[in-house]
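Notes follow the structure.
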Amino acid sequence: MKESIIEFIKNEISNKRLETINGDDMLFDLGILDSLGIMRLIGFIEDRSQIKVPFQDLTIENFSTVDRIVAYMSRHRV
Amino acid sequence: MPIKTTKSLPLTKSQQLIWIGQKLNPNVPLYNVPYAFEICGNISDKAFELAIQALIDRTEILRTVFNEKNTTVTQNILSEFAFSLEKFDFTRNVALPSVQDWLQKKSEFPFDFTKPLFDTALLKVEKDKYIWYLNLHHLITDATTTALLFSSMANLYQGVLDKNLSAIPTPPPYSDFIAFEAKKRISPEHIKTTNYWKNKVKDIPTTPQLYGSRQKVETTRTKRVNLALGATRTHKLKELTRNPKIGSLTTDMGLYTLFSTLLFIFLYRISGQSKLSIGSPINNRVSRDFKIIPGLFVELFPLCLELNDDDSFASVIGKMKAETNEYLRNAQIGSSSAELSRSFNTVLNYINTTFPSFNGLPTKSVWIHPNHCDPSHQLRCHIIDFDSKDNLEIIFDLNLDIFDESEIEFVPQHFLNLLDALLTDLDQPIIRPALVTRKEIKELIGVSNTAETSHFKGTFLKHFEKTVLNYPKRIALENGEDLISYLDLNNRANQLANFLIKNGIKENEKVGLHLYRSPDYIISALALMKIGATFIPIASDQPAGRIGFLISNSDCSLVITETDLKKNITGETKILDLREERVRISSEPKISTGHQLKKSCIAYYIYTSGSTGMPKGVMVSHKALNNYLQWASTYYEIDENSVFPLFTSIGFDLTISSTFLPLMNGGKVVVYREGMLGPDISLIQVLSENKVNSIKLTPAHVNLMHGSNIQDSLIKTMIVGGEDFKVNVAKNIYHYLGRDVNIFNEYGPTEATVGCIVSKFKLKKHQQVSVPIGKVIANMNAYILDNHKNLVPKGVVGELFLSGASLAEGYANLEELTKQKFIDDTIRPGKKMYRTGDLARINRDGEMEFLGRNDEQIKLNGFRIELADIEANLLKHKEIDNASVVLIDGQERLPENEILNCAECGLPSNYPKSDFDDDGVCHLCNAFKNYKEKTDKYFKTEKDLQQLLFSRKGSIASYDCLSLLSGGKDSTYVLARLINMGLRVLAFTLDNGYISDQAKANVDRIVQKLGVDHIYGSTTHMNKIFVDSLDRHHNVCNGCFKTIYTLSTKVALDKKIPFVITGLSRGQFFETRLTEELFWNDDADTTTIDRTILEARKLYHQENDAVNQLLDVSMFKDEETFKKVQFVDFYRYSDVSLEEMLGYLKEKVGWVRPTDTGRSTNCLINQLGIYVHKKQRGYSNYSFPYSWDVRMGHKTRTETLEEINEYIDENEVKRIMKEIGYVESNYNDIKRPQLVGYYTAKTKIPHQELTQHLLKKLPSYMLPNTFKYMETLPLTSNGKVDKKALRSLNLVQLQMDTPYVEPKNEIEVLLEEIWREVLLLDKIGMHDNFIDLGGHSLAAIRVTARINEEVEMNFPLNKIFELPTISEYAKYIEETLITLMEE
């Protein structure tokens, strides 16, 4: 999952073209994603898993890095 | 040389919307997006011009033109566009205007759509300081585009300087996005999202009225105001985005949440609307390529929120986050629409683009406002930090039709106050922070304060006594022939005062004045003032009960009255009959008592109606009275030539003006004594005698004046008070009376002494629906506050509070209520303010407008609705004379767990008009105890039955009787007993199609076992009869019974059987045959009762229902039928207990309780009837008959409760409904409250027309469900529209085609009361039809019996069906009585 998230960010939604994204790169602080980007990413996650992300879960803790997103997903896997 | 263009491309959705907006406002620069980039450094003109050309070459949108052919608009991209840059040197050219003016003028220049939609220039403004002016039409740009062009330009400029232009990449073309967007719009998910948005805005009632502005927006002109938040606030805001309660992923997202939250709260506070929508652009740059393409990408979508007074900032933030999430998920490219845009008039534009530097040269960027905006955006709020200096700025674009000068000044302040509150305490209620600024408070109170400098001296009495000295000979009172001079009046008041002292009346004692309008009344009031006592006016027409209440509630130690009225006063209060004591009083000295009246003494109590139903006494001090009278004397220019009529009720505080204003100033009071009986027609007398030049009256009076001949009226001063004064009423009377009349609208509750806000009607200025109430009087303050007691800004609706010298001291002996209504003044601490319960606002002229009662602001389906608003709009219909809108509560339903059952009979407490005593016993049980004995003689023994049935035995028929057999225990027992008596019986069963198999088996077994002949009756129309019965009676049994009676009568007639025996229970007798009225008469014998029941039965068979229409009922037209076939109720003759019955059945018949109906019955459709009845009426249709079974001792309460609460199989019910073709109505309609618009007009206006009329002005949720045409609107005794009366019509009555007419004479009043009691209704119009109201034969018995009792007549039962309206019946009674009298 981690790889496909990174690929999706790199190919589709990152604000700038990036060579690599590390699991602990701060997606927002580094300006990799904006609000539209994150919404597309959530759509991507929801499409590929059974998870429905409620807005309350859209926090720094859950979504600031790819690693955290993966951790969030594994916590919520159905 | 023709320029090559690409093929025609379509417009994106967003472009289409802008195009339409531009077409609607041609040649207006409302979509110009001009910027001025100030660049500090040396710029080479030449290089700059080359760079611009390179920018154009590389940017499609700068070469795009728009073409409209027929109705299709396309955009075409020119392959090349040669541009020469305009350059201006402001440092040298003195002919140029100022830079600012130049930029502004240039920015407002409209574009030519056949050419590229941009304009640019380079301005040298100082040495080494340039301005790059760049203006693009919104069709080709958005905020990101400007930033992209800015940075491209910087790069290209550098490229020109470095001579490596070709190395600079070209961005992808905008046509990529056009293609992408067009594809999106035909994708399957597009339908989903457009539906989502459609549904979203469906719930938004209307756009909010910003600062109460009801203006229609016509102009595109807007004013832009900037609010720089400064570094500290910006820092705090950014800090706050990291607060876990905001929990935002990015600072931008956090700020967006905060600003949208604030804007919603701001809108809520300045409009009062709960459900709100704000438009907000989404940038739509969903891919990396799109992020770098210049062009219009943004698209507006609504954010919708519902706020209320209980919200805190934090709770709104919570809602906002959820809403933003939904917004982001659904704001899909291309799915916006004009329809969505109509849901908002406010736009939030959070712009995070920045213009940091021009290739290292410091810049300052300004977005120039072209002074025009889309007129549907009344308020735009942009958040920017262009120079990315951590210094946020809010830009407000305010439409000039909506916002006036002062509002424009205060909008940023108000917003800032909310923002600061948000930064201070997230958890505070959103209504807590004050909105208005200190400057406004001054102004708001200033508007309503005519300077507190003018403290009036003395008391009314002092001024009156001075007038006596000045004008002793002038006439003070004119009472018919009797003229009383000031001196005389004063002498007589002194004599009475001396007499009262002698009789022990002291200062501060309360004395009732139960007198006609007369010199005596005025003399008495003056005398009481002279000894410092309080007078309580009690008008002559008051009912005895109210008089008693007033006297005891006010602790009167004496009531001054006259011989005619003395009889009204009961109890032990001392009475002074002025006529009786005349001689003794006039022998008293004429000199003053010498008492010094204190201003703090209470002058009078005036009782006003209270919401509790008990009147409350308002205590008005001499200080308050004097304040009003002195102010009014000056304001209305009352002098010794003023003549007022005293013609309104003395118990009404409006009358204080007519009585005391002239006497204070040497004028004259012409007394019009009320008639002894009937309505007060004094106004007509006042007008026809034409003796007065000043008058105080209500708008209702003004309306009455219109019909009189008043062309020559002397009236020059007209003070109107007591009710909302409509402009059209004012206009009419103004034209009618001639131009030199001064008409004043005086507002004021009794609690603030007669009047405390006033306006002078001005024909030209006052064009709204109501005359404004105006400005506050001397020494009074009026505050318009919100629910948190904050002053609302000008224009915004709030509740009116009054404070100052005219305030009453409170309510007599109602401390709690006084505390609730007279609260601490929040604006001027240390004083009290009175809560009026009235809604008001300050209009643009600074005058207050009355907007109805606070409790008339209702909430319906979540929408806040001002009834006055609907009324005002109804009144704009040219045919409507008067209108009143009320909310009629839906049928109140007790929640099931709150329903009580009578402790004795089990009747549920939700049975209509039931009344339980303290022991939980119902009114039916209690009433029954009083006539139980009389009912005993109706019941007989089995022996009597035997005698009756054998009386016609031996006739030619082969059967002695026909026994109705349902298969249930009761009818089976009947059959068995009849056979036991030795009778030849034919058993008859109606097969209604729903008899259970087991019940049928029972029937077959029974008849076999008993060896009795048996037939089944049936009809093919049964289902239609069921449906009809459900519609009429909300049950199936009524239809079934009537079918049985009809079919069995036919069988009996054919077979010449003389008796039909029913198995009705005694309880069912009281449902279908007996009423308590039958037993009222002491000498009522069973023969009379039987005759009445038979009469009712004849009527019953004439009632027009499905049975009558579908079955053969011709035999009932023949009177003989009722003689040939007699109906006998078995249980009238048998008092068998249930236990005994079941034992007998088991032993003799082998009756088994069926188990396949799931209920204690043998009929499968029965539960459908119960289900519908419960849904429609809230209780089982068996509740009432079973309660009678208990009363009769044939059932226990427990059995009853078990049976009426039995389980109902809803699936089965629904299945049967389908089977018989019954369509369930929406039960919620009954429960739902409904808006009803009452109106008076020359003729009834079609519903459709009224709806159309209102829809032009009101959102659909404000449309009344029903309109009711009235001949006149009912008025309360004080001349105000009686809304309580209007609320008590029920839905059936409202739908009747007849106008509601109140009872006008005694007989009508009597009939209405009787009908109401019998039909269990609150109000009945004189033309309402008895049958339509649910009247049937049993109700006819009850109504007729009661009428006969009351008027001591013997009207036949069928009269009510011949004359089915109260009006007709009353006329008939009247004529009959007159004929009798003449005889």
Side-chain angles (χ1 to χ4, degrees), chain A residues 5-21 23-73 75-76, chain B residues 143-144 147-148 169 172 180 189 192-193 238 241-257 260 280-292 297-299 301 303 317-333 350-354 388:
Chain A
I5 290 175
I6 288 176
E7 283 307 297
F8 181 71
I9 295 174
K10 265 167 58 183
N11 297 337
E12 301 267 345
I13 56 170
S14 70
N15 289 334
K16 289 170 218 140
R17 199 169 290 282
L18 297 163
E19 286 307 313
T20 53
I21 296 174
D24 58 353
D25 281 351
M26 299 297 278
L27 297 172
F28 305 109
D29 291 1
L30 296 175
I32 297 171
L33 289 186
D34 59 14
S35 56
L36 277 184
I38 187 71
M39 292 317 290
R40 284 195 69 197
L41 179 61
I42 284 160
F44 176 80
I45 291 169
E46 288 183 344
D47 282 352
R48 274 157 194 75
S49 65
Q50 303 295 324
I51 300 171
K52 172 99 179 93
V53 183
F55 79 94
Q56 293 90 339
D57 286 358
L58 285 179
T59 58
I60 296 278
E61 289 69 37
N62 293 333
F63 283 88
S64 56
T65 67
V66 173
D67 285 344
R68 286 183 173 190
I69 294 171
V70 173
Y72 171 83
M73 287 178 68
R75 280 203 304 280
H76 291 82
Chain B
T144 309
L148 289 168
F180 179 83
E189 63 181 311
K192 217 180 95 194
T193 47
K238 289 189 175 175
T241 62
R242 285 188 274 278
N243 180 316
K245 275 182 192 156
I246 317 296
S248 56
L249 289 174
T250 68
T251 309
D252 279 332
M253 284 173 89
L255 287 176
Y256 182 77
T257 303
S260 51
S280 191
I282 187 139
N283 89 9
N284 268 350
R285 294 174 184 267
V286 292
S287 74
R288 201 154 37 237
D289 272 354
F290 288 168
K291 287 185 205 299
I292 54 171
F297 280 74
V298 293
E299 206 169 340
F301 288 97
L303 292 161
I317 288 171
K319 293 183 203 179
M320 198 64 241
K321 276 164 62 188
E323 175 64 10
T324 311
N325 187 54
E326 286 296 303
Y327 166 93
L328 286 170
R329 279 175 190 258
N330 291 287
Q332 296 289 340
I333 293 173
Y350 180 84
I351 302 172
N352 62 355
T353 47
T354 55
S388 102

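By convention in this document, chain letters (A, B, ...) are assigned in the order of the sequence lines, proteins followed by strands, and residues within each chain are numbered from 1.
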(request) Take A:Ile60 and B:Arg242, measure what side-chain contact (heavy atoms from CB on, under 4.5 Å) needs, and give me the verdict at the end. (result) CA-CA 9 Å; A:Ile60 296 278; B:Arg242 285 188 274 278; over 6 Å; no

(message) Between A:Asp34 and B:Lys291, does the salt bridge (charged side-chain N to carboxylate O under 4.0 Å, His left out) criterion hold? Intermediate values first, please.
(response) CA-CA 11 Å; A:Asp34 59 14; B:Lys291 287 185 205 299; 3.3 Å; yes

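The contact between A:Ile42 and chain B is made entirely by side chain atoms (from C-beta outward), counting heavy-atom distances below 4.5 Å. Only the side chain of A:Leu36 comes within less than 4.5 Å of a heavy atom of chain B; its backbone N, CA, C and O stay farther away.
Minimum interatomic distance between B:Arg288 and A:Ile9 (heavy atoms only, all atoms of both residues): NH1-O, 4.0 Å. Closest approach of A:Ile38 and B:Met253 over heavy atoms only: CG2-CE, 4.1 Å.
Interface check for chain B: of the options A:Glu61, A:Gln56, A:Arg40, the most heavy-atom pairs under 4.5 Å are formed by A:Arg40. Ranked by heavy-atom pairs under 4.5 Å with chain A, the first of B:Asn284, B:Val286, B:Ile292 is B:Val286. Per-residue heavy-atom pair counts under 4.5 Å with chain A were compared for B:Leu328, B:Thr324, B:Asn283, B:Thr250, and the maximum is reached by B:Leu328.
Contacts between residues 10-19 of chain A and chain B, counted as heavy-atom pairs separated by less than 4.5 Å, involve A:Lys10, A:Asn11, A:Glu12, A:Ile13, A:Ser14, A:Asn15, A:Lys16, A:Arg17.
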